[in-house]
Amino acid sequence: MRDEAPRTLTAICSALQEQIEHGLLPHGGKLPAERKLSELFDTTRITLREALGQLEAQGLIYREERRGWFVSPPRLAYNPLVRSHFHAMVAGQGRTPATEVLGARLIPASVEICELLELPALSSVYQIRRARRIDGRLVLYVEHYLNPAYFPGIIDEDLTQSLTELYDSRYGIRYGRVRFDMVPTALHPEAAAPLKVSAGSPALKITRINRDQHGRLIDCDLEFWRHDAIHVSVEVPE
């Protein structure tokens, strides 16, 4: 009896992984309800959930709150060396991007943002919060922090569009040097809720600190990607 659960766990993982790899469970497709899967594999919900959790950790399936389990679509290739933006990057790989604005306001800059943008104490910044989708799936929560000296009135613009293009067309500002920091993390509640996942779910945090064509620090982005949504792919030129 002591060895039964591990054997069942392995059998569930192997069976679902095999069906995903052979296309019997298609990318983006919804898995049967946990009750039906428990009956199918003749196991307890506890063992089943442990198996599903292992497959989720591998990036093969994902869960959305109140919707159930789904087969993960192919990951998006993310190359920090390519000067692009979310919509262009996604569309360029034959996928469909979408952006939802969660909020835009002028706020006091936190200590972290003051340090990233080299601002003095008690500075104000524009904060723009957005959720982004690929092929209808929520994959990215991002907080943009802008130095308001360079972008007067920007929060009154259509912020579902690319900020990269808006900066250029409205303010004549183009990105120059960009710094990237990437670390695995757990989603905090404010990031988890828009992505419809539980707080503490694994994610990849990408912090971008952006200078313009004149070398001025203009903004920074705190990106929280679902851990199975992208793979970072970099080819260093000669």
Side-chain angles (χ1 to χ4, degrees), residues 1-78 86 90 93-100 102 129-142 182-206 222-233:
M1 290 294 294
R2 197 177 303 168
D3 296 332
E4 184 177 339
R7 284 201 302 268
T8 303
L9 189 68
T10 301
I12 296 170
C13 290
S14 297
L16 292 177
Q17 182 173 351
E18 185 178 48
Q19 297 214 9
I20 291 170
E21 291 175 348
H22 285 79
L24 296 176
L25 292 173
H27 293 302
K30 186 176 182 179
L31 295 181
E34 289 184 5
R35 177 181 56 80
K36 291 187 176 180
L37 287 173
S38 297
E39 293 173 355
L40 175 65
F41 291 105
D42 190 24
T43 190
T44 65
R45 293 281 283 273
I46 294 175
T47 300
L48 175 71
R49 286 174 179 169
E50 187 174 349
L52 296 176
Q54 289 189 14
L55 293 172
E56 181 182 31
Q58 296 174 41
L60 293 176
I61 63 174
Y62 68 95
R63 185 176 183 274
E64 285 193 5
E65 292 289 322
R66 297 183 295 278
R67 291 195 64 210
W69 291 93
F70 298 82
V71 179
S72 299
R75 295 175 185 261
L76 188 78
Y78 188 115
F86 177 82
V90 174
Q93 296 180 46
R95 315 282 288 276
T96 302
T99 296
E100 173 188 355
L102 304 174
R129 299 171 53 246
R130 304 196 291 183
R132 315 194 90 165
R133 297 175 183 264
I134 298 176
D135 298 334
R137 181 196 178 202
L138 287 161
V139 296
L140 170 62
Y141 167 79
V142 57
M182 304 185 188
V183 293
T185 190
L187 291 174
H188 57 78
E190 194 169 27
L195 296 179
K196 300 187 186 302
V197 299
S198 302
S201 295
L204 179 65
K205 180 182 179 182
I206 300 178
L222 307 183
E223 301 180 350
F224 295 86
W225 289 86
R226 293 191 67 143
H227 80 288
D228 60 348
I230 60 172
H231 73 269
V232 179
S233 176

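Numbering starts at 1 and runs along the sequence shown.
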Return the [atom1] to [atom2] distance between [X] and [Y], rounded to the nearest 0.5 Å.
X: T43; Y: R49; atom1: OG1; atom2: CZ; result: 12.0 Å
X: R75; Y: I230; atom1: CZ; atom2: CD1; result: 8.5 Å
X: L195; Y: R133; atom1: CG; atom2: CZ; result: 9.5 Å
X: T185; Y: W225; atom1: OG1; atom2: CH2; result: 16.0 Å
X: L140; Y: R130; atom1: CG; atom2: CZ; result: 9.0 Å
X: F70; Y: K30; atom1: CZ; atom2: NZ; result: 5.0 Å

Check ion pair K196-E64 (N to O, under 4.0 angstrom):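 No, no charged N to carboxylate O under 4.0 Å.
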Using a strict 4.0 Å threshold on nitrogen-to-oxygen distance, state whether E56 and R63 make a salt bridge.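 No.
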Just so I know, are the side chains of [X] and [Y] near enough to count as touching, which here means a heavy-atom distance under 4.5 Å?
X: P74; Y: H27; answer: yes
X: V139; Y: L76; answer: no
X: L31; Y: V71; answer: yes
X: I20; Y: L55; answer: no
X: I61; Y: L16; answer: no
X: Y78; Y: I206; answer: yes
X: I12; Y: L37; answer: no
X: S72; Y: R226; answer: no

Verdict with supporting geometry, L52 and E34, side chain to side chain contact (heavy atoms under 4.5 Å, CB included): CA-CA 9 Å; L52 296 176; E34 289 184 5; 4.2 Å; yes
Where [X] and [Y] come nearest, the two heavy atoms and their spacing:
X: G59; Y: D228; result: CA-CB, 3.7 Å
X: A131; Y: L138; result: CB-CD2, 4.1 Å
X: Y141; Y: A191; result: CD2-CB, 3.4 Å

Could you walk me through whether L204 and H227 pass the side chain to side chain contact (heavy atoms under 4.5 Å, CB included) test, one step at a time? CA-CA 6 Å; L204 179 65; H227 80 288; 5.7 Å; no
Kindly say whether A11 contributes a backbone atom to a donor-acceptor pair with the side chain of S14 at under 3.5 angstrom?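 It does not hold such a pair.
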Are there more than 12 heavy atoms of other residues, nucleotides or ligands under 6.0 Å from atom CG of L24?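 It does: L24 CG has more than 12 such atoms within range.
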Tell me whether the guanidinium CZ or amine NZ of R137 lies under 6.0 angstrom from the six-membered ring centre of Y62 and within 45° of its axis.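 R137 over Y62 ring: yes.
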Verdict with supporting geometry, I134 and F86, side chain to side chain contact (heavy atoms under 4.5 Å, CB included): CA-CA 10 Å; I134 298 176; F86 177 82; 4.0 Å; yes
